[in-house]
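One structure below.
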There are 2 protein chains.
Amino acid sequence: MKCGQERKNINIEALNERVRKAGMKLTSQRTQILKTLLNHPEPISADEIFKKYDGRSEAMDLVTIYRILKKFEESLIVSRLEFGDGVARFELTLESGHHHHHVICRQCQRVEPIHLCDLEEHIKTVEAMGYKSLSHRLDFFGICSRCQ
Amino acid sequence: MKCGQERKNINIEALNERVRKAGMKLTSQRTQILKTLLNHPEPISADEIFKKYDGRSEAMDLVTIYRILKKFEESLIVSRLEFGDGVARFELTLESGHHHHHVICRQCQRVEPIHLCDLEEHIKTVEAMGYKSLSHRLDFFGICSRCQ
DNA sequence: CTTTTTGCAAATCTTTTGCAGGCGA
DNA sequence: TCGCCTGCAAAAGATTTGCAAAAAG
């Protein structure tokens, strides 16, 4: 499995299509969440999405957001990430198995993607241990240049 | 930073000593938790530790366990791990910066350590992005041989 | 028109906090 | 003795569940 490509040509139409293909109905809430994920530069939490619309006419229930994100995750449309602060964050899953890793600033909590992944060695080792259907997660934690 | 060594010669005396050195009082609860971590083959959650003693004469409060684990984490005696199921797990921190990574079975949730870590390339890349004080986490998720 | 989805209320689960009494050094 | 620790009760924060009404196809 290779990874590293920057996401390209992802638009709201294509995402809506993936929702339909997954057998889900396309509601305004679902499209709104997809648009939010598309425009947000880094992984976002359910509550952050909620606050973006809270009070506005497009407001939606936090529960709805959790439910939609869970369904999207099951259909591999989004990926759930956890960085150790007790809050799950979500980002759009890239096409065809491509994925990336993250650098998290311990000070400002900002998350930056790293488009580099060469873990062939590691993967072979784990397969030799008897594991199948492998996926992985690699995250770096540090202090970003802005916070130093 | 190199990593890969199996833990050796860790005993309860040495651990008690680390607690004292960190300026903490040595209580029976703290020693009990250290012994539990020492004997448990894989990362364990606060609740699992609680259940090990619940009902017995050595029973301790869940809150106490959380508080002790947090203090131990601050003193780098234990490491907190999260694998995405909403529960934090803990394991003893190995000496002198050595650490290891994990393979988690998606079926039975068992966690196995991998004593392999060659991420020099990756670390250089992230440093080039301007980050300092880097640490990292690398986990593999798959189906173990027993569960296939 | 049928099935899925949403909103609201309430529950659940993990982890944290406040406070008074207890214990280690 | 003195201050750190523990236990109990309660709170807090994230996420889930039940159910009736609303919307999608």
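Chain identifiers are assigned alphabetically (A, B, ...) following the order of the sequence lines, protein sequences preceding nucleic acid strands; residue numbering begins at 1 within each chain. Side chains included, hydrogens not; waters and symmetry mates left out as well; all remaining heavy atoms used.
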- Task: Could you check how far CD of B:E48 sits from C1' of C:dT15, rounded to whole Å?
- Result: 15 Å

- Spacing between A:K21 atom NZ and D:dG25 atom P, to the nearest angstrom: 15 Å

- With A:S75, which residues qualify under side-chain contact (heavy atoms from CB on, under 4.5 Å), at least two apart? A:A22, A:M24, A:I77

- Query: Which listed nucleotide (D:dA23, D:dT6, C:dG24) is nearest to the side chain of B:K25?
  - Reply: C:dG24

- Task: Let me know the distance between CZ of A:F72 and P of C:dT4, rounded to the nearest Å.
- Result: 17 Å

- Salt bridge present between A:E48 and A:K51 (N-O < 4.0 angstrom): no

- Task: Please state how far atom CZ in B:R30 lies from atom P in C:dC23, giving the value in whole angstrom units.
- Result: 15 Å

- May I ask you to test the A:I104-A:F140 pair for a side-chain heavy-atom distance under 4.5 Å? no

- Item | Spacing of B:L81 atom CG relative to C:dT15 atom C1', expressed in whole Å | 17 Å

- Query: Can a side chain N or O of B:Q29 be found less than 4.0 Å away from OP1 or OP2 on D:dG7?
  - Reply: yes

- Note on the structure: With B for base contact, S for sugar-phosphate-only contact and - for none (protein heavy atoms under 4.0 Å), nucleotides 14-19 of chain D reads SBBBB-

- State the CZ-CD1 distance between B:F50 and B:I65, to the nearest 0.5 angstrom. 6.5 Å

- Message: As a test of reading the structure: which of D:dC4, C:dT5, D:dC8 is closest to the side chain of A:T27, going by heavy atoms?
- Response: C:dT5

- Query: Taking the nucleotide of DNA chain C with the closest heavy atom to each, which residue, A:G23 or B:L26, is nearer the 5' end?
  - Reply: A:G23

- Query: Can you tell me how far P of D:dT6 sits from CD1 of B:I33, to the nearest Å?
  - Reply: 8 Å

- Query: Quick check: are there more than 12 heavy atoms from other residues, nucleotides or ligands sitting under 6.0 Å from CZ of B:R146?
  - Reply: no

- Task: Could you check how far CD of A:E82 sits from P of C:dT15, rounded to whole Å?
- Result: 11 Å

- Message: What's the separation between atom NE2 in B:H136 and atom NE2 in B:H122, rounded to the nearest 0.5 Å?
- Response: 10.0 Å

- Between C:dT4 and A:K71, is there an OP1 or OP2 to side-chain N/O distance shorter than 4.0 Å? no

- Which nucleotide sits closest to the side chain of B:M24: C:dT5, D:dC5, C:dT6? D:dC5

- Message: Can you measure B:N16 atom CG to C:dA25 atom P for me and round it to whole angstrom units?
- Response: 10 Å

- Message: Side chains of B:H102 and B:E91: any donor to acceptor distance under 3.5 Å?
- Response: yes

